[in-house]
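These numbers were taken from a predicted model, which means no experiment stands behind them. Note that ligands are numbered from 1 as they come in the structure, with each ligand's atoms numbered from 1 the same way.
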Amino acid sequence: MNNSIDKIKHYCGIVGIHSLTERNIPQDLFFPLFSLQHRGQEGAGISYLNNGNLVTYKDLGMVSDVLGRYLEEDRLSTVGIGHVRYSTTGGNLIQNVQPIQATCNKGDLSIAHNGNFSNSELLKEKLTEKGAIFGCTSDSELVLHLIAHSMQDTFYKALKETLCYLEGAFSMVMIKDNELYIMRDPMGFRPLYIGQKNGLTVCASETCALDILDIEDYRSVEPGELIVVNEKGMHSEIFAKSERKAQCSFELIYFARPDSQIFDTSVYSSRLEMGRVLARQDGDFSKYDLVMSVPDSGNTAALGYAKESGLSYELGLTRNHYTGRSFILPTQKKRELAVKMKLHPVKEIVKDKRIILVDDSLVRGTTSSIIVKLLRSAGAKEVHVRLSAPEIKGPCYYGIDVPTKEELISNTKTPEEIAEFIGADSVKFLPVDKLKTCYENSENFCYACFNNDYPVKPKTGKK
Ligand code: SF4
(Lines give C-alpha, C1' and ligand atoms only; values in the text may rest on other atoms or scores of the structure.)
Protein backbone atom coordinates (compact mmCIF):
# COMPACT_ATOMS: atom_id res chain seq x y z
CA MET A 1 0.00 0.00 0.00
CA ASN A 2 1.13 3.52 -0.63
CA ASN A 3 2.39 4.99 2.57
CA SER A 4 1.49 8.47 1.54
CA ILE A 5 -2.16 7.71 1.38
CA ASP A 6 -3.77 5.75 4.08
CA LYS A 7 -1.60 3.56 6.21
CA ILE A 8 -0.55 3.53 9.82
CA LYS A 9 3.17 4.18 9.88
CA HIS A 10 5.93 2.75 11.98
CA TYR A 11 8.86 4.70 13.24
CA CYS A 12 11.80 2.36 13.04
CA GLY A 13 13.85 -0.75 13.37
CA ILE A 14 17.16 -1.21 15.18
CA VAL A 15 20.17 -3.50 15.10
CA GLY A 16 23.15 -3.89 17.44
CA ILE A 17 26.21 -6.08 16.92
CA HIS A 18 29.17 -6.97 19.13
CA SER A 19 31.98 -9.30 18.12
CA LEU A 20 34.76 -10.80 20.23
CA THR A 21 37.08 -10.60 17.22
CA GLU A 22 37.44 -7.83 14.67
CA ARG A 23 35.26 -8.16 11.61
CA ASN A 24 33.53 -6.02 9.02
CA ILE A 25 30.85 -4.71 11.39
CA PRO A 26 29.44 -2.04 9.00
CA GLN A 27 28.81 -4.77 6.46
CA ASP A 28 27.34 -7.02 9.14
CA LEU A 29 24.95 -4.19 10.02
CA PHE A 30 23.87 -3.68 6.41
CA PHE A 31 22.13 -7.04 6.01
CA PRO A 32 19.90 -7.01 9.12
CA LEU A 33 19.01 -3.38 8.44
CA PHE A 34 18.06 -4.36 4.92
CA SER A 35 15.81 -7.06 6.42
CA LEU A 36 14.16 -4.40 8.58
CA GLN A 37 13.55 -2.00 5.71
CA HIS A 38 9.78 -2.45 6.06
CA ARG A 39 9.99 -0.75 9.48
CA GLY A 40 11.26 2.53 8.02
CA GLN A 41 12.12 3.69 4.54
CA GLU A 42 13.00 7.33 4.91
CA GLY A 43 16.34 7.24 6.66
CA ALA A 44 19.08 4.79 7.60
CA GLY A 45 22.32 4.94 9.50
CA ILE A 46 25.02 3.14 11.42
CA SER A 47 27.55 3.89 14.17
CA TYR A 48 30.58 1.72 14.76
CA LEU A 49 33.88 1.79 16.52
CA ASN A 50 36.74 2.55 14.13
CA ASN A 51 40.25 2.39 15.64
CA GLY A 52 38.86 3.40 19.02
CA ASN A 53 36.76 6.25 17.62
CA LEU A 54 33.03 6.24 17.23
CA VAL A 55 31.96 6.87 13.63
CA THR A 56 28.41 7.55 12.46
CA TYR A 57 27.13 7.62 8.92
CA LYS A 58 23.48 8.29 8.16
CA ASP A 59 21.29 9.85 5.54
CA LEU A 60 17.78 10.11 4.19
CA GLY A 61 16.90 7.19 1.94
CA MET A 62 16.66 3.42 1.75
CA VAL A 63 19.23 1.10 3.29
CA SER A 64 20.78 0.06 -0.03
CA ASP A 65 21.15 3.69 -1.14
CA VAL A 66 22.50 5.03 2.13
CA LEU A 67 24.61 2.09 3.28
CA GLY A 68 25.42 0.22 0.07
CA ARG A 69 28.92 1.78 0.14
CA TYR A 70 29.73 -0.40 3.18
CA LEU A 71 29.50 -3.52 1.06
CA GLU A 72 32.54 -2.45 -0.94
CA GLU A 73 35.32 -2.25 1.65
CA ASP A 74 36.50 -4.06 4.74
CA ARG A 75 36.15 -1.88 7.83
CA LEU A 76 37.27 -3.83 10.84
CA SER A 77 35.50 -3.21 14.10
CA THR A 78 34.02 -5.00 17.12
CA VAL A 79 30.84 -3.09 17.85
CA GLY A 80 28.16 -1.26 15.89
CA ILE A 81 24.53 -0.22 15.88
CA GLY A 82 22.12 0.66 13.09
CA HIS A 83 18.72 2.17 12.50
CA VAL A 84 16.04 2.47 9.82
CA ARG A 85 13.55 5.24 10.17
CA TYR A 86 10.21 6.40 9.01
CA SER A 87 9.29 10.01 9.73
CA THR A 88 6.08 11.98 9.66
CA THR A 89 5.54 14.54 6.90
CA GLY A 90 7.63 17.60 7.70
CA GLY A 91 9.77 15.60 10.09
CA ASN A 92 11.77 13.96 7.34
CA LEU A 93 14.95 15.77 8.33
CA ILE A 94 18.52 14.53 8.30
CA GLN A 95 18.86 15.68 11.93
CA ASN A 96 16.26 13.13 12.96
CA VAL A 97 17.92 10.17 11.26
CA GLN A 98 19.60 7.83 13.74
CA PRO A 99 21.87 6.67 15.33
CA ILE A 100 22.44 9.85 17.31
CA GLN A 101 26.06 10.26 18.33
CA ALA A 102 27.20 12.70 21.01
CA THR A 103 30.15 13.46 23.22
CA CYS A 104 29.28 14.28 26.80
CA ASN A 105 30.80 14.16 30.28
CA LYS A 106 30.33 10.37 30.25
CA GLY A 107 32.26 9.90 26.99
CA ASP A 108 31.35 9.25 23.35
CA LEU A 109 27.94 7.65 22.95
CA SER A 110 25.70 6.62 20.10
CA ILE A 111 22.10 5.51 20.38
CA ALA A 112 19.40 4.01 18.16
CA HIS A 113 15.83 3.86 19.41
CA ASN A 114 12.56 2.26 18.37
CA GLY A 115 9.49 3.66 20.13
CA ASN A 116 8.34 6.89 21.70
CA PHE A 117 8.56 8.12 25.27
CA SER A 118 5.10 9.06 26.48
CA ASN A 119 6.63 11.61 28.91
CA SER A 120 9.07 13.14 26.41
CA GLU A 121 7.41 16.57 26.47
CA LEU A 122 7.72 16.79 30.22
CA LEU A 123 11.33 15.56 30.25
CA LYS A 124 12.28 17.93 27.45
CA GLU A 125 10.79 20.86 29.31
CA LYS A 126 12.71 20.03 32.49
CA LEU A 127 15.98 19.56 30.61
CA THR A 128 15.51 22.77 28.63
CA GLU A 129 15.02 24.65 31.90
CA LYS A 130 18.41 23.26 32.97
CA GLY A 131 19.99 24.60 29.78
CA ALA A 132 19.91 21.56 27.52
CA ILE A 133 19.93 22.28 23.78
CA PHE A 134 18.19 19.85 21.45
CA GLY A 135 19.49 19.29 17.95
CA CYS A 136 16.57 17.30 16.58
CA THR A 137 12.87 16.74 17.16
CA SER A 138 13.24 13.03 17.84
CA ASP A 139 12.78 12.20 21.53
CA SER A 140 15.64 9.67 21.47
CA GLU A 141 18.11 12.50 22.11
CA LEU A 142 16.59 12.81 25.58
CA VAL A 143 18.40 9.68 26.67
CA LEU A 144 21.78 11.23 25.94
CA HIS A 145 20.85 14.41 27.82
CA LEU A 146 19.62 12.48 30.84
CA ILE A 147 22.82 10.43 30.94
CA ALA A 148 24.91 13.60 30.68
CA HIS A 149 22.93 15.30 33.47
CA SER A 150 23.16 12.31 35.81
CA MET A 151 25.28 12.78 38.95
CA GLN A 152 25.99 9.05 39.20
CA ASP A 153 29.68 8.17 39.32
CA THR A 154 29.68 5.51 36.58
CA PHE A 155 28.18 5.36 33.11
CA TYR A 156 26.29 2.18 33.95
CA LYS A 157 24.63 3.75 36.99
CA ALA A 158 23.81 6.89 34.98
CA LEU A 159 22.22 4.77 32.26
CA LYS A 160 20.15 2.80 34.76
CA GLU A 161 18.99 6.01 36.41
CA THR A 162 18.06 7.41 32.98
CA LEU A 163 16.05 4.33 32.04
CA CYS A 164 13.95 4.76 35.17
CA TYR A 165 12.94 8.29 34.09
CA LEU A 166 11.63 7.06 30.73
CA GLU A 167 7.99 6.14 30.22
CA GLY A 168 6.35 4.57 27.20
CA ALA A 169 8.03 2.56 24.48
CA PHE A 170 11.71 1.97 24.00
CA SER A 171 13.71 -0.77 22.45
CA MET A 172 17.19 0.73 22.23
CA VAL A 173 20.78 -0.07 21.43
CA MET A 174 23.73 2.05 22.43
CA ILE A 175 27.53 2.04 22.03
CA LYS A 176 29.92 3.27 24.67
CA ASP A 177 33.60 2.47 24.17
CA ASN A 178 33.79 -1.15 23.10
CA GLU A 179 30.49 -2.07 24.69
CA LEU A 180 27.02 -2.68 23.30
CA TYR A 181 24.06 -1.78 25.52
CA ILE A 182 20.64 -3.24 24.78
CA MET A 183 17.47 -2.06 26.53
CA ARG A 184 13.74 -2.72 26.38
CA ASP A 185 11.04 -0.84 28.29
CA PRO A 186 9.33 -2.60 31.22
CA MET A 187 6.03 -2.99 29.37
CA GLY A 188 7.69 -4.39 26.26
CA PHE A 189 5.84 -2.26 23.69
CA ARG A 190 8.26 -2.86 20.83
CA PRO A 191 9.87 -6.20 19.98
CA LEU A 192 13.59 -6.83 20.42
CA TYR A 193 15.54 -10.04 19.96
CA ILE A 194 19.06 -11.10 20.81
CA GLY A 195 21.08 -14.03 19.52
CA GLN A 196 24.65 -15.31 19.50
CA LYS A 197 26.91 -17.35 17.29
CA ASN A 198 30.69 -17.93 17.38
CA GLY A 199 31.51 -14.89 19.49
CA LEU A 200 29.09 -12.67 17.59
CA THR A 201 26.14 -11.12 19.46
CA VAL A 202 23.37 -9.58 17.36
CA CYS A 203 20.20 -7.92 18.50
CA ALA A 204 17.45 -6.64 16.25
CA SER A 205 13.81 -5.58 16.22
CA GLU A 206 12.68 -8.77 14.50
CA THR A 207 14.09 -12.24 14.02
CA CYS A 208 14.15 -11.90 10.21
CA ALA A 209 17.14 -9.62 10.81
CA LEU A 210 18.92 -12.33 12.81
CA ASP A 211 18.10 -15.02 10.27
CA ILE A 212 20.00 -13.20 7.55
CA LEU A 213 23.20 -13.53 9.63
CA ASP A 214 22.40 -17.21 10.32
CA ILE A 215 21.84 -16.53 14.01
CA GLU A 216 19.59 -19.37 15.05
CA ASP A 217 20.07 -19.31 18.79
CA TYR A 218 18.02 -16.30 19.90
CA ARG A 219 15.57 -15.09 22.49
CA SER A 220 13.40 -12.07 23.15
CA VAL A 221 15.00 -9.32 25.21
CA GLU A 222 12.77 -9.26 28.29
CA PRO A 223 10.64 -6.23 29.14
CA GLY A 224 12.68 -4.11 31.56
CA GLU A 225 15.94 -5.86 30.67
CA LEU A 226 19.30 -4.13 30.29
CA ILE A 227 22.05 -6.13 28.62
CA VAL A 228 25.70 -5.18 28.31
CA VAL A 229 27.87 -7.04 25.83
CA ASN A 230 31.65 -6.63 25.95
CA GLU A 231 34.84 -8.68 25.65
CA LYS A 232 34.03 -10.40 28.97
CA GLY A 233 30.72 -11.70 27.64
CA MET A 234 27.14 -10.73 28.30
CA HIS A 235 25.70 -9.26 31.49
CA SER A 236 21.95 -8.90 31.94
CA GLU A 237 19.71 -7.47 34.62
CA ILE A 238 16.11 -6.38 34.97
CA PHE A 239 16.29 -2.65 35.66
CA ALA A 240 12.54 -2.21 36.24
CA LYS A 241 9.49 -4.43 36.48
CA SER A 242 5.98 -3.60 35.42
CA GLU A 243 2.84 -5.43 36.52
CA ARG A 244 1.39 -4.82 33.11
CA LYS A 245 2.83 -5.80 29.73
CA ALA A 246 1.81 -3.85 26.64
CA GLN A 247 3.18 -5.49 23.50
CA CYS A 248 1.88 -3.57 20.48
CA SER A 249 -0.86 -5.64 18.84
CA PHE A 250 -0.35 -3.73 15.59
CA GLU A 251 3.10 -5.28 15.30
CA LEU A 252 1.47 -8.68 14.76
CA ILE A 253 -1.40 -7.34 12.66
CA TYR A 254 0.66 -5.34 10.23
CA PHE A 255 4.15 -4.01 10.99
CA ALA A 256 6.35 -7.04 11.43
CA ARG A 257 7.46 -9.24 8.56
CA PRO A 258 5.47 -12.49 8.31
CA ASP A 259 8.63 -14.59 8.48
CA SER A 260 9.59 -13.01 11.81
CA GLN A 261 9.00 -14.03 15.38
CA ILE A 262 8.12 -11.20 17.71
CA PHE A 263 6.84 -11.32 21.30
CA ASP A 264 7.66 -15.07 21.21
CA THR A 265 4.97 -15.47 18.57
CA SER A 266 5.04 -16.32 14.88
CA VAL A 267 3.77 -13.34 12.91
CA TYR A 268 2.59 -15.60 10.11
CA SER A 269 0.58 -17.93 12.35
CA SER A 270 -1.03 -15.00 14.16
CA ARG A 271 -2.16 -13.42 10.89
CA LEU A 272 -3.44 -16.74 9.61
CA GLU A 273 -5.51 -17.08 12.76
CA MET A 274 -6.84 -13.51 12.39
CA GLY A 275 -8.08 -14.47 8.92
CA ARG A 276 -9.70 -17.63 10.24
CA VAL A 277 -11.49 -15.72 12.99
CA LEU A 278 -12.63 -13.09 10.48
CA ALA A 279 -14.12 -15.89 8.36
CA ARG A 280 -15.94 -17.41 11.32
CA GLN A 281 -17.69 -14.07 11.80
CA ASP A 282 -19.14 -14.32 8.30
CA GLY A 283 -20.42 -17.89 8.55
CA ASP A 284 -22.43 -18.33 5.34
CA PHE A 285 -19.83 -18.55 2.57
CA SER A 286 -22.28 -19.42 -0.22
CA LYS A 287 -22.75 -15.66 -0.70
CA TYR A 288 -19.17 -15.24 -1.95
CA ASP A 289 -17.09 -16.59 -4.84
CA LEU A 290 -13.51 -15.97 -3.79
CA VAL A 291 -11.11 -14.45 -1.26
CA MET A 292 -8.34 -12.08 -2.20
CA SER A 293 -6.04 -9.74 -0.33
CA VAL A 294 -4.80 -6.22 -0.64
CA PRO A 295 -1.15 -7.14 -1.12
CA ASP A 296 1.08 -7.43 0.76
CA SER A 297 -0.40 -6.39 4.07
CA GLY A 298 -3.55 -8.50 3.76
CA ASN A 299 -1.97 -11.65 2.26
CA THR A 300 -1.64 -13.93 5.26
CA ALA A 301 -4.97 -13.04 6.87
CA ALA A 302 -6.67 -13.58 3.48
CA LEU A 303 -5.10 -17.02 3.29
CA GLY A 304 -6.43 -17.76 6.78
CA TYR A 305 -9.88 -16.62 5.68
CA ALA A 306 -9.72 -18.88 2.62
CA LYS A 307 -8.56 -21.91 4.65
CA GLU A 308 -11.40 -21.46 7.14
CA SER A 309 -14.11 -20.76 4.56
CA GLY A 310 -13.06 -23.21 1.86
CA LEU A 311 -13.37 -20.39 -0.70
CA SER A 312 -10.62 -20.20 -3.28
CA TYR A 313 -7.80 -17.75 -2.62
CA GLU A 314 -6.98 -15.72 -5.71
CA LEU A 315 -4.30 -13.14 -6.45
CA GLY A 316 -6.78 -10.67 -7.87
CA LEU A 317 -4.66 -7.58 -7.29
CA THR A 318 -1.16 -7.31 -8.70
CA ARG A 319 1.23 -5.19 -6.75
CA ASN A 320 3.97 -3.22 -8.43
CA HIS A 321 6.94 -3.38 -6.05
CA TYR A 322 8.97 -0.80 -7.92
CA THR A 323 7.11 2.38 -7.11
CA GLY A 324 9.77 3.51 -4.61
CA ARG A 325 9.21 6.34 -2.21
CA SER A 326 5.75 7.71 -1.61
CA PHE A 327 4.64 11.13 -2.73
CA ILE A 328 2.57 13.89 -1.27
CA LEU A 329 -0.70 13.69 -3.15
CA PRO A 330 -2.89 16.74 -3.00
CA THR A 331 -5.80 15.72 -5.20
CA GLN A 332 -8.12 12.74 -5.38
CA LYS A 333 -7.18 12.22 -9.03
CA LYS A 334 -3.49 11.96 -8.15
CA ARG A 335 -4.20 9.68 -5.19
CA GLU A 336 -6.12 7.39 -7.53
CA LEU A 337 -3.18 7.34 -9.91
CA ALA A 338 -0.79 6.54 -7.08
CA VAL A 339 -2.91 3.56 -6.01
CA LYS A 340 -3.11 2.44 -9.65
CA MET A 341 0.67 2.68 -9.89
CA LYS A 342 0.92 0.26 -7.00
CA LEU A 343 -2.08 -2.03 -7.36
CA HIS A 344 -3.90 -3.31 -10.37
CA PRO A 345 -6.77 -5.81 -10.66
CA VAL A 346 -6.50 -9.01 -12.67
CA LYS A 347 -9.68 -8.67 -14.73
CA GLU A 348 -10.24 -12.36 -15.47
CA ILE A 349 -10.18 -13.13 -11.75
CA VAL A 350 -12.47 -10.41 -10.47
CA LYS A 351 -15.00 -10.07 -13.33
CA ASP A 352 -18.53 -11.02 -12.24
CA LYS A 353 -17.26 -12.26 -8.88
CA ARG A 354 -18.54 -11.70 -5.34
CA ILE A 355 -15.29 -10.93 -3.59
CA ILE A 356 -14.09 -11.06 0.00
CA LEU A 357 -11.27 -8.50 0.06
CA VAL A 358 -8.99 -8.80 3.11
CA ASP A 359 -6.75 -5.98 4.30
CA ASP A 360 -5.07 -5.36 7.64
CA SER A 361 -6.73 -2.11 8.71
CA LEU A 362 -8.77 0.88 7.68
CA VAL A 363 -7.49 4.33 8.59
CA ARG A 364 -9.18 7.11 6.65
CA GLY A 365 -10.85 4.92 4.05
CA THR A 366 -9.43 6.88 1.12
CA THR A 367 -7.24 4.12 -0.31
CA SER A 368 -9.89 1.45 0.22
CA SER A 369 -12.41 3.50 -1.74
CA ILE A 370 -9.98 3.70 -4.67
CA ILE A 371 -9.30 -0.05 -4.55
CA VAL A 372 -13.00 -0.88 -4.45
CA LYS A 373 -13.53 1.45 -7.41
CA LEU A 374 -10.71 -0.29 -9.31
CA LEU A 375 -12.25 -3.70 -8.65
CA ARG A 376 -15.69 -2.54 -9.75
CA SER A 377 -14.34 -1.09 -12.96
CA ALA A 378 -12.64 -4.44 -13.58
CA GLY A 379 -16.10 -6.04 -13.38
CA ALA A 380 -16.39 -7.21 -9.76
CA LYS A 381 -20.03 -7.93 -8.89
CA GLU A 382 -19.70 -7.44 -5.12
CA VAL A 383 -16.82 -6.34 -2.89
CA HIS A 384 -16.95 -7.23 0.81
CA VAL A 385 -14.08 -5.66 2.74
CA ARG A 386 -12.73 -7.51 5.79
CA LEU A 387 -10.12 -6.05 8.13
CA SER A 388 -7.88 -8.10 10.39
CA ALA A 389 -7.56 -5.14 12.78
CA PRO A 390 -10.32 -3.72 14.96
CA GLU A 391 -11.68 -0.23 14.28
CA ILE A 392 -8.93 2.32 14.99
CA LYS A 393 -10.28 4.92 17.39
CA GLY A 394 -7.38 6.82 18.87
CA PRO A 395 -3.75 7.93 18.68
CA CYS A 396 -0.67 5.98 19.68
CA TYR A 397 1.82 7.53 22.10
CA TYR A 398 4.31 4.69 21.77
CA GLY A 399 5.97 5.11 18.39
CA ILE A 400 3.30 4.59 15.77
CA ASP A 401 2.02 7.40 13.60
CA VAL A 402 -1.78 7.21 13.79
CA PRO A 403 -3.69 10.12 12.23
CA THR A 404 -5.75 12.43 14.43
CA LYS A 405 -9.02 11.19 15.93
CA GLU A 406 -10.96 13.38 13.50
CA GLU A 407 -9.24 11.77 10.52
CA LEU A 408 -9.89 8.20 11.65
CA ILE A 409 -12.92 7.01 9.76
CA SER A 410 -14.06 4.67 12.53
CA ASN A 411 -14.53 7.65 14.82
CA THR A 412 -17.14 9.19 12.61
CA LYS A 413 -18.75 6.28 10.79
CA THR A 414 -20.23 2.88 11.59
CA PRO A 415 -19.04 -0.10 9.49
CA GLU A 416 -22.23 0.25 7.41
CA GLU A 417 -21.54 3.93 6.79
CA ILE A 418 -17.92 3.11 5.96
CA ALA A 419 -19.10 0.55 3.40
CA GLU A 420 -21.21 3.24 1.78
CA PHE A 421 -18.33 5.72 1.91
CA ILE A 422 -15.83 3.41 0.23
CA GLY A 423 -18.39 1.94 -2.17
CA ALA A 424 -18.18 -1.62 -0.77
CA ASP A 425 -21.10 -4.00 -0.31
CA SER A 426 -20.10 -4.62 3.30
CA VAL A 427 -17.29 -3.87 5.74
CA LYS A 428 -16.43 -5.91 8.81
CA PHE A 429 -13.63 -5.52 11.34
CA LEU A 430 -12.09 -8.00 13.72
CA PRO A 431 -13.36 -6.84 17.13
CA VAL A 432 -10.84 -6.49 19.98
CA ASP A 433 -12.26 -9.46 21.92
CA LYS A 434 -11.88 -11.66 18.81
CA LEU A 435 -8.36 -10.34 18.13
CA LYS A 436 -7.44 -11.39 21.65
CA THR A 437 -8.35 -14.98 20.83
CA CYS A 438 -5.57 -14.92 18.19
CA TYR A 439 -2.86 -14.22 20.79
CA GLU A 440 -1.39 -16.41 23.47
CA ASN A 441 -1.33 -14.42 26.72
CA SER A 442 -3.54 -11.76 25.19
CA GLU A 443 -3.46 -9.79 28.46
CA ASN A 444 0.17 -8.93 27.66
CA PHE A 445 -0.77 -6.79 24.65
CA CYS A 446 -1.65 -3.15 24.07
CA TYR A 447 -4.92 -2.43 22.25
CA ALA A 448 -5.10 1.26 23.14
CA CYS A 449 -5.64 2.70 19.66
CA PHE A 450 -8.66 0.37 19.36
CA ASN A 451 -10.18 0.59 22.84
CA ASN A 452 -8.66 3.73 24.42
CA ASP A 453 -7.21 1.69 27.31
CA TYR A 454 -3.79 3.35 27.38
CA PRO A 455 -1.26 1.33 29.42
CA VAL A 456 0.63 4.51 30.33
CA LYS A 457 -0.91 7.93 29.93
CA PRO A 458 1.09 10.57 28.06
CA LYS A 459 2.53 13.28 30.28
CA THR A 460 2.65 16.77 28.89
CA GLY A 461 4.65 19.79 30.05
CA LYS A 462 3.32 23.09 31.37
CA LYS A 463 2.71 24.54 27.93
S1 SF4 B 1 -1.72 2.25 20.80
FE2 SF4 B 1 -2.01 0.82 19.06
S3 SF4 B 1 -0.25 1.16 17.73
FE4 SF4 B 1 0.24 2.07 19.73
S5 SF4 B 1 1.33 0.48 20.88
FE6 SF4 B 1 -0.82 0.28 21.41
S7 SF4 B 1 -1.65 -1.20 19.91
FE8 SF4 B 1 0.32 -0.49 19.13
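- Residue contact check: Ile400 has heavy atoms under 4.0 Å from atoms 3 (S) of ligand 1.
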Practice item. Given side-chain hydrogen bond (donor to acceptor under 3.5 Å, both in side chains), test Ser47 with Gln101 step by step and report yes or no. Key: CA-CA 8 Å; Ser47 290; Gln101 182 182 334; 4.6 Å; no
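- Remark: side-chain polar atoms of Asn114 are paired, donor with acceptor, to backbone N or O of Cys12 under 3.5 angstrom.
- Ser410 places no side-chain N or O within 3.5 Å of a backbone atom of Leu408 that could act as its donor or acceptor partner.
- The pair Arg39-Glu251 meets the salt-bridge criterion, since a charged nitrogen lies less than 4.0 angstrom from a carboxylate oxygen.
- Of all protein heavy atoms, the one closest to atom 7 (S) of ligand 1 is Cys446 O, 3.1 Å.
- Among the atoms of Cys449, none of the N, O or S atoms falls under 2.8 Å from atom 8 (Fe) of ligand 1.
- Each of the atoms 1 (S) of ligand 1 lies under 4.0 Å from some heavy atom of Ala448.
- With a 6.0 Å radius and a threshold of 12 heavy atoms from other residues, nucleotides or ligands, Lys106 has its NZ atom above the threshold.
- Aromatic ring centres of Phe239 and Tyr156: separated by at least 6.0 Å.
- Inclusion of Cys396 in the first shell of atom 2 (Fe) of ligand 1 is not supported: no N, O or S atom falls under 2.8 Å.
- Residue Arg190 places a heavy atom under 4.0 Å from ligand 1.
- Checking Ser249, Cys248, Pro455 against atom 8 (Fe) of ligand 1, the nearest heavy atom belongs to Cys248.
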